[in-house]
Amino acid sequence: MTAPIIRSLAELRAMTRGWQMAGEKIGVVPTMGALHDGHLSLVKAAEESCERVIVTIFVNPKQFNNPEDLKNYPRTEEDDARKLRRFSVDAIYVPDGDEMYPDGFATTVSVSGLTDVMDGTYRPGHFEGVATVVAKLFLQTSASDAFFGEKDFQQLQVVRRMARDLDIPITVHGCPTIREIDGLAMSSRNLLLSDRARVTAPRLHEEMERIVEGFLGGQDPAELTQAAIKRLQAQGFGDVDYIDIRANDDLSLVTAPDPARPARLFAAAWLAGVRLIDNIAVE
Ligand code: PAF
């Protein structure tokens, strides 16, 4: 099915009004395009639990703390629309910058606490940009359900907190990370990796699994992490922004396994100019 591409909020609202009146569940999958199987798994989840599905594509300038990164971000709208044809998507919402942030736009949504760590410190302003655009997308689409990947777990928790705090009546679903056959977490940024870097990239996930295994076996997380960073850098990785074990709920640091408190290992590392992030459950 070919879904209509909607570029204006007025048109989107005209469409969703009828769905709401009919009491239909509306699922939204917010994306920045360059769709891969990870995104498509979110569309599938939305399709399975909602009568209506909206995929949004908007490369949100407010969440890029680096202008080069924004410029280089892949934009593949035609391809994206083609990939969505095999799903029952009712609308692809592709607003432009002026539709999303008209002249005089002055509001920022900021979530404290969860954004004080990891990407919140390494990418200043990033989560304010995310929370602002996602709050707008939730309100614009009138969605009852939203679907996000666990690949960006910190983002998922920030979005959940934001929706709860602002009383936006929406259920936020976290869906499992989809990986390439060699373990690399799917990400639109993988398109930016050179052939050589693409071969090295899965080492990050390998090292992460090794750390979790050692941690659960009683080894010291700081030592495990230091050894992993050395090995990654010997294989061509650059700066490692963080490798942390943190609790799922408040993202506080965890120093010893606690079966009563779910935790994840989070990592962000640079490889040939591309910043890779990943996280896996500690279990
Ligand atoms: O995860 C993303 O692609 C973006 O951060 C999101 C949620 C679409 C907001 O721009």
Side-chain angles (χ1 to χ4, degrees), residues 6 9 12 27-43 45-46 53-67 69-77 79-81 83-84 89 91-97 99-101 105 107-111 114-115 118-120 122-141 143 145-163 166 168 170-178 185-192 266 268 274-279:
I6 310 276
L9 177 56
L12 181 71
V28 65
V29 181
T31 82
M32 297 203 298
L35 302 183
H36 50 67
D37 284 352
H39 294 115
L40 300 180
S41 74
L42 305 179
V43 177
V53 175
I54 303 172
V55 175
T56 72
I57 300 179
F58 179 63
V59 181
N60 174 31
K62 287 198 188 292
Q63 71 186 77
F64 285 82
N65 51 319
N66 173 344
D69 192 21
L70 172 61
K71 197 176 105 211
N72 293 336
Y73 201 84
R75 289 161 172 87
T76 57
E77 186 184 309
D79 236 31
D80 292 343
K83 285 180 187 162
L84 292 173
V89 173
I92 308 174
Y93 179 49
V94 192
D96 68 14
E99 187 74 20
M100 194 57 93
Y101 302 120
F105 187 87
T107 300
T108 299
V109 179
S110 171
V111 176
L114 292 169
T115 61
M118 299 193 288
D119 277 13
Y122 282 92
R123 303 187 65 191
H126 169 68
F127 285 121
E128 280 83 358
V130 170
T132 303
V133 83
V134 172
K136 283 181 67 90
L137 289 168
F138 284 0
L139 297 169
Q140 292 181 339
T141 57
D145 295 74
F147 298 82
F148 289 83
E150 286 185 343
K151 150 93 178 9
D152 298 301
F153 195 86
Q154 188 174 12
Q155 166 174 281
L156 170 65
Q157 297 301 60
V158 168
V159 165
R160 283 190 164 131
R161 182 81 259 163
M162 176 276 290
L166 297 182
I168 302 180
I170 194 164
T171 305
V172 177
H173 304 262
C175 304
T177 302
I178 305 294
M186 287 196 187
S187 163
S188 307
R189 282 173 207 277
N190 295 351
L191 291 175
L192 305 174
F266 295 86
V274 181
R275 187 170 184 271
L276 300 176
I277 66 168
D278 200 353
N279 69 87

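Just so you know, residue 1 is the first one in the sequence shown, and it goes up from there. Nothing here was measured: the structure is a model prediction, and the numbers come from that model. When a ligand or atom number is given, it counts from 1 through the structure's own listing order.
Checked by distance only, ligand 1 and T31 stay at 3.5 Å or farther apart across all their nitrogen or oxygen atoms.
In summary, R75 and D80 do not engage in a salt bridge, as defined by a charged side-chain N under 4.0 Å from a carboxylate O.
In this structure, CD1 in I277 is found 4.5 Å from CG in D152, a value given to the nearest 0.5 Å. Atom NZ in K71 sits 10.0 Å away from atom CG in N66 (nearest 0.5 Å).
Distance from atom 9 (C) of ligand 1 to its nearest protein heavy atom, with residue and atom name: Q63 OE1, 3.3 Å. In this structure, atom 1 (O) of ligand 1 lies nearest to the protein heavy atom Q155 NE2, 2.8 Å.
When each atom of ligand 1 is checked for a heavy atom of F148 under 4.0 Å away, the hits are 7 (C). Near V133, meaning under 4.0 Å from any of its heavy atoms, are these atoms of ligand 1: 9 (C), 10 (O). Of all the atoms in ligand 1, the ones that sit under 4.0 Å from a non-hydrogen atom of M32 are 3 (O), 4 (C), 8 (C), 10 (O).
No side-chain donor-acceptor contact under 3.5 Å links K83 to the backbone of L40.
Of the N and O atoms on the side chains of Y101 and D96, not one donor lies less than 3.5 Å from an acceptor on the other residue.
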